[in-house]
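Every chain is numbered from 1 and lettered A, B, ... according to where its sequence line falls, protein lines coming before strand lines.
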Amino acid sequence: MRSVSMPPTACTGLEPGFRGVICASFGAAGDIAKQDTGGRPRHDLHFASATPNTLSDLRTVLGASHVGVRLVLAGPQADIRAAAAVAAECGLLEEEVTLLSDEAGPRVVYCPHCLTTTIDRAAGSEVECQGCATVLAITDHFSRRKGAYLGYSAHAEEAS
Amino acid sequence: MTMTALKTRAHPAVEGGLQLEVTNVSLQTESIISITLADPSGERLPSYVPGSHLVVQYGSGVNAYSLTESGSAPSEYTISVLRVEDGAGGSVAMHRLSVGDRVYVSRPRSAFAPVSTATHHLLVAAGIGITPVLSHARAAAERGIAASLIYVYRPGAGAHVADTRELLGPGLIECTDRGSFQKVLTEHLTTQALGTHLYVCGPAAFMDAVLDQARELGWSPARLHSEAFGAAPLDEGEPFTVNLVRSGVRLEVPAGVSLLETLEKAGRSIPNMCRKGICGECSLSVVRGAPQHRDLYLTDQEKAANTTMMCCVSRSEDPELELDL
C-alpha cells in the first residue's frame with residue numbers, strides 16, 4: 001500500500017486519496033475548462049509541456065490518487081500522449097483517460113536504430129533522427145507506451 | 001461408486017481431458033472437503049492459470065470446481081467441494097469419493113485470470129467462493145505481487161482459513177457478519193492505489209452487490225473480475241425450432257434440452273467447454289430471429305445485436321431461429 005507516506009503533493013494541491021477528475025492541460029490548451037466532470041470533484045493542473053519534470057509531477061499526483069479517479073488530458077498530441085503513457089504506467093486504464101488533442105501539432109517519432117525519439121514539426125513523411133542522424137520514414141504505427149510513431153531508415157532498400 | 005462412473009462414457013464436457021486418481025480427501029469444515037487428484041502413473045499435470053477450474057464428471061453429469069493451487073507445474077490438482085444436499089447430485093457424489101477412486105476430468109479451464117499488469121490484487125470471497133481466490137493469492141505470493149483478501153464466512157464454516165492466514169498475514173481481513181463486511185469493503189474500495197484490480201467470487205447476489213458498489217465508487221468495468229461459479233440453475237425454457245440454413249436441416253429443441261445438446265444429438269460437433277454460458281466457446285452465428293440470451297459471456301451490446309448466441313444455455317424468443325450452420 002502506498003497510501004502511508006507519499007511525498008508531499010503540496011506543489012500540485014491535491015489531497016491524498018483523490019477519486020475525482022484530474023484535468024491536466026499542456027501548452028495553450030483552453031477548452032479543457034469546459035470539460036464536464038459530471039458533478040465529480042475536479043482538480044486542475046497546467047503544464048507548459050510534457051518534460052521529465054512535469055511528467056514526474058503528474059506521476060506524483062497519480063500516485064496519491066486512488067482507484068475511481070479519471071484523467072482528462074488536453075493539448076498537443078506529443079504532450080498528451082507522453083502523459084497518457086505515464087498514466088498507464090501508474091495503473092490507469094485506457095478507459096479512465098480522456099484525450100483532447102489539438103488536431104495539428106508536432107509528432108514524436110521513435111528511432112528503432114538508436115532508440116531515441118525525435119519531434120517532427122514539419123508534418124512531413126520523413127524526419128532526421130536527432131540521435132543518429134538517420135533519415136526516418138514515419139509510419140502510422142503508434143506506440144501508446146512510448147507515445148510515439150515508429151520510424152525506420154528511409155530509402156534503405158533502394159539501390160544507390 | 002467411481003468404478004461405475006468410469007464405465008459410463010466420458011461426458012462431452014470432459015472429452016479430451018484426463019483420467020485422474022483420488023490421492024487424498026480431507027475435511028475442511030463440516031460440509032466442505034478438499035479432494036486431491038493425481039495422474040495414476042505419476043505424470044506431471046498440465047499447468048494452469050490462477051483462478052482456473054476443472055470440470056469433473058460424476059455419473060452422467062458434470063460439475064465445475066475451482067483449482068485451489070497456484071497452477072505452476074502441478075503434480076496434483078486440488079479442489080474443495082461444498083456439499084449441497086438439494087443440488088443436482090454432483091457435490092454429494094464428490095463427497096462419496098475416496099482414495100483410489102478414478103474420475104474423468106477436463107483439462108483446467110481459465111475464465112477468471114489475474115491481470116498481468118496489476119500491481120495489487122484485491123480479492124473478495126464469500127463462503128466456498130474462497131477456492132479460486134485462494135489460487136490467486138497463492139500465485140500472487142509466488143510471483144511477489146501484492147494481494148489482500150476480504151473473506152466472508154459464517155463462524156466455523158470457513159474453508160482454507162488457516163491457508164489464507166499463512167499466505168496473506170495482515171493482508172487478510174476476515175468478516176463473519178454482514179455489517180463488518182460492508183464497512184471493510186467500502187473502506188477498501190475507496191483507498192486502493194491505481195494499479196489495483198478486484199476479483200470477487202461467491203454467491204451471485206453477493207458478487208452483484210460487491211460489483212455494484214465498486215462501480216458506484218468509480219471502478220471501471222475493466223478493473224472488476226468475477227467468477228460466476230454459483231450461477232443459478234436456469235429454467236427449462238420454451239421449445240423452439242432451429243433452422244440450420246447452410247445445411248438445410250431443421251431441428252426441434254424441446255423444453256429442458258439445450259440447443260447444444262440438440263445439435264450434438266443430431267451429430268453436429270460444436271466446440272464447447274463450460275456448458276454453462278461462461279466461457280464463450282460454443283458461440284454460434286444467428287442469421288435470423290432473436291435469441292433469448294442467458295449467458296454471462298456476451299456484453300449487453302453484443303446481446304442486443306442478436307447476431308451471436310451461446311448455444312449451451314441460450315434459447316429463442318421467437319418460435320424459430322435461423323443459424324449459420
Counting only heavy atoms closer than 4.5 Å, note whether [X] contacts chain A via side chain, backbone, both or neither.
X	value
B:Thr117	neither
B:Leu189	backbone
B:Arg223	both

Aromatic ring pairing B:His225/B:Tyr199, orientation class (parallel under 30°, perpendicular over 60°, tilted between):
parallel

To the nearest 0.5 angstrom, please state how far the CG atom of B:Asp208 sits from the OG atom of B:Ser226.
8.5 Å

Atom pair NZ/CG of B:Lys183 and B:Asp177 - distance to nearest 0.5 Å:
11.0 Å

Residue pairs passing the salt bridge (charged side-chain N to carboxylate O under 4.0 Å, His left out) test where at least one lies in residues 131-149 of chain A, sequence neighbours excluded
A:Glu94-A:Arg144

